[in-house]
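For reference, positions follow the sequence shown, starting with 1.
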Amino acid sequence: MNPNLDCQPVHQWALHHLSNADLHCHSRVSDGTLQPEELAARAKANGVELWALTDHDEVGGQQRALEAAQALGLAYLTGVEISVSFAGRVVHIVGLGFDHHNEALIQGLRATRGGREPRAREMAAGLAAVGIPGAFEGALQYVGNPELISRTHFARFLVEAGHCSDISEVFRRFLTEGKPGYVEHRWAGLGDAVRWLREAGGMAVIAHPARYGFTPTEEYALFTEFIAHGGRGVEVVTGSHTAAEAAKYTETALEFGLLASRGSDFHSPDESRIDLGRLDALSGRLQPIWLELADRVHPPQ
Ligand code: AMP
Ligand code: MN
Ligand code: MN
Ligand code: MN
């Protein structure tokens, strides 16, 4: 039996009356600092009514997150955040409500993760060349799963070793395009990521669109190609958007007929600007994505 389809659909009434959905955050399974169980407890304590853990390129924390949510009486949607290369940039696609045992999705994510270690070694070489030795080993100290070594882990090391005073300074000086620790990488294709999610029974969502720095033409291409591949949603209210950006992408969602998602993108109590569940509401003009995912929600037990 498909283990993701054996749950009772949440009553539509309950979903219609739900306001605090938080469908984007990270655990130690990728680049967060808390365990899935700690995040579930924090979400519950902060009043989240529907939660999804969306680790980067990995669904290995899903069963733990689901069980922890159920033990707390918290409704749960499976989640993931897939790194995709598009128009020379990295775009993040959040997946929601898929079967986390789907083999093709698991294999696709494994292939996406595959290049991270050699990339991290190249990043460390770039940093060593500007007088910061030992960054690969240093970053590894913060990594839960070495396959998922990311820029975030390097940033934590550089702060801890006293090279920068905070994470955003590290990104600004060392880890963004043109800076010594930045290494371009070929991630998944947009069409592949959307297909893996759809074929696993879930929906694809463009994560934090304001973060990419696309021109209007590039952004139009991203949204039209995403929809052509069968993508359904866009994050409007996220910890990565200002209120003005949320207002802008409210209009974009309506213009493109996309469902709206909401998520803090919480990584760590010490680093994240917005805590789990502490987000503005979606505009009442938008169609929340969770209403369309009713039969994929694991209801509170
Ligand atoms: P990677 O997948 O290794 O390229 O790392 C990307 C991760 O770095 C994102 O998921 C964020 O958690 C983090 N990140 C990217 N840009 C910034 C930034 N400007 N400040 C803080 N964290 C960032
Ligand atoms: Mn991250
Ligand atoms: Mn992201
Ligand atoms: Mn994220």
Side-chain angles (χ1 to χ4, degrees), residues 1-25 36 39-40 43-44 46-55 59 61-82 93-102 105 193-207 226-227 229-238 249-250 253-254 256-265 276-277 279-301:
M1 185 173 45
N2 181 335
N4 207 40
L5 295 177
D6 62 358
C7 57
Q8 294 294 314
V10 172
H11 201 275
Q12 282 287 343
W13 181 90
L15 283 177
H16 272 287
H17 286 256
L18 175 158
S19 59
N20 199 350
D22 191 327
L23 306 180
H24 189 152
C25 69
L39 289 166
K44 180 75 182 176
N46 286 356
V48 173
E49 298 160 288
L50 173 64
W51 176 53
L53 171 67
T54 56
D55 276 309
V59 293
Q62 291 305 306
Q63 191 63 35
R64 288 170 62 188
L66 168 59
E67 286 173 16
Q70 295 204 312
L72 291 162
L74 175 60
Y76 189 75
L77 272 171
T78 52
V80 69
E81 182 175 20
I82 307 180
I93 299 297
V94 161
L96 296 172
F98 50 83
D99 167 16
H100 59 291
H101 300 288
N102 182 277
L105 173 64
V194 175
R195 179 171 46 80
W196 298 334
L197 294 168
R198 291 178 59 199
E199 291 181 357
M203 285 187 192
V205 177
I206 297 176
F226 172 75
I227 290 166
H229 288 302
R232 297 291 307 280
V234 59
E235 277 184 349
V236 174
V237 172
T238 129
Y249 287 99
T250 294
L254 292 168
F256 284 92
L258 287 166
L259 302 166
S261 193
R262 177 179 187 267
S264 56
D265 206 358
L276 276 161
L279 293 155
D280 292 337
L282 285 180
S283 160
R285 295 156 63 211
L286 293 166
Q287 176 79 346
I289 194 161
W290 51 89
L291 296 184
E292 297 293 317
L293 285 166
D295 62 345
R296 312 299 301 175
V297 172
H298 296 265
Q301 298 276 294

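Residues M203 and I289 have side chains in contact (heavy-atom distance under 4.5 Å, counting atoms from C-beta outward). Within the 4.5 Å cutoff, the side chain of L66 has heavy atoms near those of the H100 side chain. Under the 4.5 Å side-chain criterion, counting only non-hydrogen atoms from C-beta, F226 is in contact with L258. No side-chain heavy atom of Y76 sits less than 4.5 Å from a side-chain heavy atom of E67. Contact annotation: the side chain of E199 never approaches that of N102 to less than 4.5 Å [non-hydrogen atoms, C-beta and beyond]. Contact check for V236 versus R262: no side-chain heavy atoms found under the 4.5 Å cut-off. Looking at heavy atoms from C-beta onward, H101 lies in side-chain contact with Q63 at the 4.5 angstrom threshold. Residues L50 and L23 form a side-chain contact, since some pair of their non-hydrogen atoms from C-beta on lies under 4.5 Å apart.
Atom CD of E292 sits about 5.0 Å away from atom CD of Q287, to the nearest 0.5 Å. With values rounded to the nearest 0.5 angstrom, L105 atom CG is found 11.0 Å from R195 atom CZ. The distance from atom CG of L286 to atom CG of L291, rounded to the nearest 0.5 Å, is 11.5 Å. To the nearest 0.5 angstrom, S264 atom OG is 10.5 Å from W51 atom CH2. Y249 OH to I206 CD1: the interatomic distance, rounded to the nearest 0.5 Å, is 9.5 Å.
Looking at every heavy atom in both residues, I93 comes nearest to A204 through CG2-CB, 3.9 Å. Heavy atoms only, all atoms of each residue included: L74 and A40 are closest at CD2-O, 3.9 Å. In terms of heavy atoms, V297 sits closest to A75 at CG1-CB, 4.0 Å. The shortest non-hydrogen separation linking V205 to S261 is CG1-CB, 4.0 Å. Here the closest non-hydrogen pair linking C25 and L39 is SG-CD1, 4.3 Å.
Here the side chain of R285 pairs no donor or acceptor atom with the backbone of T250 at under 3.5 angstrom. Side chain of Q62 to backbone of G79: a donor-acceptor contact under 3.5 angstrom is found. Without hydrogens or angle criteria, E49 side chain to S19 main chain gives a donor-acceptor distance under 3.5 Å.
Of the listed residues (L197, L96, L53, D55), just one forms a side-chain contact (heavy atoms from CB on, under 4.5 Å) with V80, and that residue is L197. With T54 as the partner, the side-chain contact (heavy atoms from CB on, under 4.5 Å) test is satisfied by one option alone out of V59, V94, D22: V94.
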Determine, stepwise, if the pair F256 / V234 fulfils side-chain contact (heavy atoms from CB on, under 4.5 Å). CA-CA 10 Å; F256 284 92; V234 59; over 6 Å; no

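Shown here is R198, whose CZ atom has no more than 12 heavy atoms of other residues, nucleotides or ligands within 6.0 Å.
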